[in-house]
Structure formats: structure tokens, C-alpha cells
Amino acid sequence: MNPVQITKNIHWVGAVDWNSRNFHGYSMSPMGTTYNNFLILDEKVTLVDTVMSRLKDQMMCNIEQVLDGRSIDYFVCNHLELDHAGCAKDIIEKYKPERIFVSPMGQKSMQAHYHYTDWPVEVVPTGSEVSIGEHTLRFMETRMLHWPDSMFTYIPEAKLVFCNDAFGQNVASSERWADEYDRAVLEHVMKEYYANIVLPYSPVVLKTLDAIAEMQLDVEYLLPDHGLMFRGKDVAFAMDKYRDYALQKPKNKAVIVYDTMWHSTEKMAEAIAAGLASEGVCVKIMSVKANHHSRVMTEVLEAAAVLVGSPTHNNGILPLMGGMLTYMKGLRPQNKIGAAFGSFGWSGECVKALTQWLEDMNFETILDPVKTKFVPEHDTYKQCYELGRQVAGAIKQKLGE
Ligand code: FEO
């Protein structure tokens, strides 16, 4: 895609990856992704971030068009993960910037990634400012949003924040702005990105939103390094969405995530779902064979209850459920009701193992699990249906209905 002018002298010079489907090896990106980076034409020409190295040519072509014969004087590296710093070495070797700005932890990350000896790297802690002519770069560390080195760069004269990974989404598009794009799809990709990347750092999100409010930052443009960018009224829209996600306010929704061997646990999942639906709860039944773990987490984000099912396998649970729960636990979802179910042949440890996972995640495990020997029959279906109804009652209580 060609460069896009944001303000008179600030330009998008990033790259669109239409074919990305696996983001960083752990999350699916079914709609592709975009790497945003920015060039500021001023007395000191300043580049903010880069892109994934394999998309270097797209970015370089954009940079050269905007530079129109000038060079890059300053380079801001808001985050060292290689989807944003992947072309740092290429930029530094080609343009030889006089100054390179990183957060205190960014310096350590940059050293550990690039093992440089003579790069003009400067640490810019929160509140420090650098004038580049008509614009000022004001830096704000955002440690663990989502790496220790992450920072935002604010330009007061342009009312603009380069917010790196925060507020990003995995989407490839010809549009650059959220207000040009389908709103329902935008909300979905925001949720997907938050649930799989930002969720464990929700306390930092709240702290950062509060800090922005306390500093009374005037923000007209909120520019993440992934996906669509926000301007005007959409700045508040994006910040409000992030506050909601970070607070993890539950909705009238349950997710049943399970694996099955001979379909007994699957039949139990369907009976539980019928019980939940009979009480008006929105329910998603998600087999881990049919749904990638990142797809499941997108649904879990706003769910009030998560029900987990597996047959007993080798005195434990099936391996895909083990992987799913490992992933879920790492993302630290909060404020959930949990329940377990599953079939067994002879030893029947599945529900004990599943309940332990739920307790390890601090889910409220207030209801007895349901298990069945080999194939469920009418009584088991009734128990499952009743479990669904009981979870629905607990959800209503949680939501204060
Ligand atoms: Fe933390 Fe988009 O990289």
C-alpha cells in the first residue's frame, strides 16, 4: 500500500500482510495483519518504529516516497519485538540516524536483540521530551503493555499518540482508519487481539488509561502499530473498549470448550448448552479440534462462565484440552464461573483434573461436575441439562439480575 498522510507532516509508511494467518506462532490472524509505522518530516526527520523484516521492501518503498531525497535523522523504537523492530538494523545502517530513542528497558532489549556496539541509542524515560522542530516527542513508558520495553510516544502539537501494540488489531485492509471500516468486524478483531495478546496485562491497561486521563492529554489521533487507526470520536471509542475489556465485565454468555474421543463428552456438552440456552444465556459450544485456542479465547473474553469437558485419557485429560487450558491460564482471564464435565471408561479422573485447572485460574467452581461412564443415557443428559440451568442461575446472580 502507498504512504498515507495523517497530518501535514506525519505519514503512515507501514506494510500490509494480507496472507498472515498465524500471528507470532500462538494466535490465529484469519484476516491477515498490518504493521503500522510512521515518518515525521520536520527539521529532524523522525521515523517511529519499523515493520516485520520480510515486509521491509513495502516499508522502504513508502519511506523513500515520503523522504523524497531527505534522510532519517532520528529513530524512535517504541518496542523491540521483531514485528516492529525487525528492520531496525536496516534503517540504522542505511540512514545512520544521529539519535535513536528507546525506553530504559528498550535499551536492554535492543542490546540483546542486535548486540550493537556503536549505535547512538538514548534512553528516554517517562516524561522526557525531544524537540524535532515544529513537533515535540514526549515519551511515556508502558511497561508490560505488553513487553517490559514498551512505550508510547505523544506529539502534543499534532494531538497524536503512537501507541505501539496497544489498541491494535490483526486485520489486513486497504483502509487505514477505523471510521472507514465495517464497525462489527472492527469490534471483533479488537476483541480477538485483546483476548490473545493484551489480556494478562489488563491492570497495566487500566493504569495507562488513568494516566492518559490524569495528564489530560489532548488526543485526536490514536495510532497503533497493528491494524486500523483511530481518529476523532473513535479515540474515545477505542479507549472505552479497552477499559471494558480490561475490567473483564462478564456478559450473559457461556463458553463450553471440550474435546471428545467417542462423542460422549460432546453429547454432554450439547445437553449442558441446552440447559444454559433454556435460561436465556448466549452459549458457544467449542470443540478444541474444530476451534483454534485463540478463537476460543476471543469468545471467553466476555463470557461469565466457562465450562470445560474432556473424557478421561491415561488418568488425565485429552492433550488438546491440556494445551487449551495451558494457553487460557497464561492469559489470566478473571471473574469467571467454571464447571467441569466428561465421560470415562474405568478410572474417571477427568473432572478432578479439569476442576483443578479451573481452581488454578481462580474461577468460581461452585457447582458439582458431571461425569458419565462410557456413553451417556437419559439420567446423564438430565444432569447435564440441570448443570446448564444451574450455571445460568449463577450467571444471573453474578450479573445482578
Ligand atoms: Fe509486541 Fe506487535 O509486537
Side-chain angles (χ1 to χ4, degrees), residues 1 12-38 47-56 58-59 75-91 101-114 139-153 161-173 176 178 186 189-205 208 222-230 238 242 245-246 294 297-298 327 330-332:
M1 303 302 293
W12 177 91
V13 288
V16 181
D17 189 351
W18 293 90
N19 296 324
S20 164
R21 293 293 178 271
N22 186 323
F23 188 70
H24 297 9
Y26 62 84
S27 182
M28 297 304 286
S29 49
M31 299 182 68
T33 197
T34 304
Y35 302 98
N36 300 326
N37 71 322
F38 308 93
L47 181 72
V48 179
D49 294 332
T50 72
V51 302
M52 189 80 103
S53 59
R54 66 188 162 74
L55 299 171
K56 184 181 78 175
Q58 266 194 62
M59 177 197 73
F75 174 37
V76 177
C77 201
N78 276 327
H79 174 33
L80 264 296
E81 193 164 10
L82 291 174
D83 50 337
H84 310 297
C87 302
K89 190 163 184 269
D90 305 275
I91 291 291
F101 305 112
V102 293
S103 71
M105 293 303 287
Q107 184 183 35
K108 293 178 182 168
S109 284
M110 188 168 253
Q111 181 59 241
H113 276 89
Y114 285 110
F139 303 101
M140 177 182 174
E141 286 174 75
T142 53
R143 275 188 200 208
M144 300 320 296
L145 185 54
H146 69 130
W147 272 23
D149 57 37
S150 302
M151 70 174 183
F152 288 2
T153 301
V161 182
F162 300 113
C163 53
N164 198 257
D165 274 319
F167 304 101
Q169 334 92 46
N170 282 320
V171 61
S173 57
R176 298 274 66 81
L186 170 71
V189 288
M190 285 179 77
K191 201 159 58 174
E192 177 187 65
Y193 184 97
Y194 191 95
N196 287 284
I197 295 157
V198 187
L199 184 59
Y201 312 110
S202 292
V204 187
V205 169
T208 304
L222 185 65
L223 307 181
D225 272 11
H226 291 287
L228 297 149
M229 306 183 291
F230 302 94
Y242 256 50
Y245 300 152
S294 59
M297 280 312 297
T298 305
Y327 184 69
L331 288 166
R332 293 181 230 151

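On a predicted model such as this, the values are computed, not experimentally measured, just so you know. Each ligand, and each atom within it, is numbered from 1 in the order the structure gives.
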Name all residues meeting the side-chain contact (heavy atoms from CB on, under 4.5 Å) criterion together with Ser294; count only those two or more places apart in sequence or in a different chain, and write none if there are none.
Ser27, Met28, Asn196, His292, Tyr327
Distance-only donor-acceptor check, side chains Ser20 and Ser29, under 3.5 Å
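Present: a donor and an acceptor within the cut-off.
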With a 4.5 Å cut-off on side-chain heavy atoms, are Tyr35 and Gln58 touching?
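They are not in contact (no side-chain heavy atoms under 4.5 Å apart), so the answer is no.
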Do Asp225 and Phe38 have side-chain heavy atoms sitting under 4.5 Å apart?
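Contact flag for Asp225/Phe38 side chains = yes.
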If the condition is ring-ring contact (aromatic ring centres under 6.0 Å, His included), which residues does Tyr201 pass it with, not counting sequence neighbours?
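In terms of ring-ring contact (aromatic ring centres under 6.0 Å, His included), with neighbours along the sequence ignored, Tyr201 is linked to no residue.
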Qualifying salt bridge (charged side-chain N to carboxylate O under 4.0 Å, His left out) pairs with a residue from residues 18-33, counting only residues at least two apart or across chains:
none
For atom 1 (Fe) of ligand 1, protein N, O or S atoms at a distance below 2.8 Å amount to 4
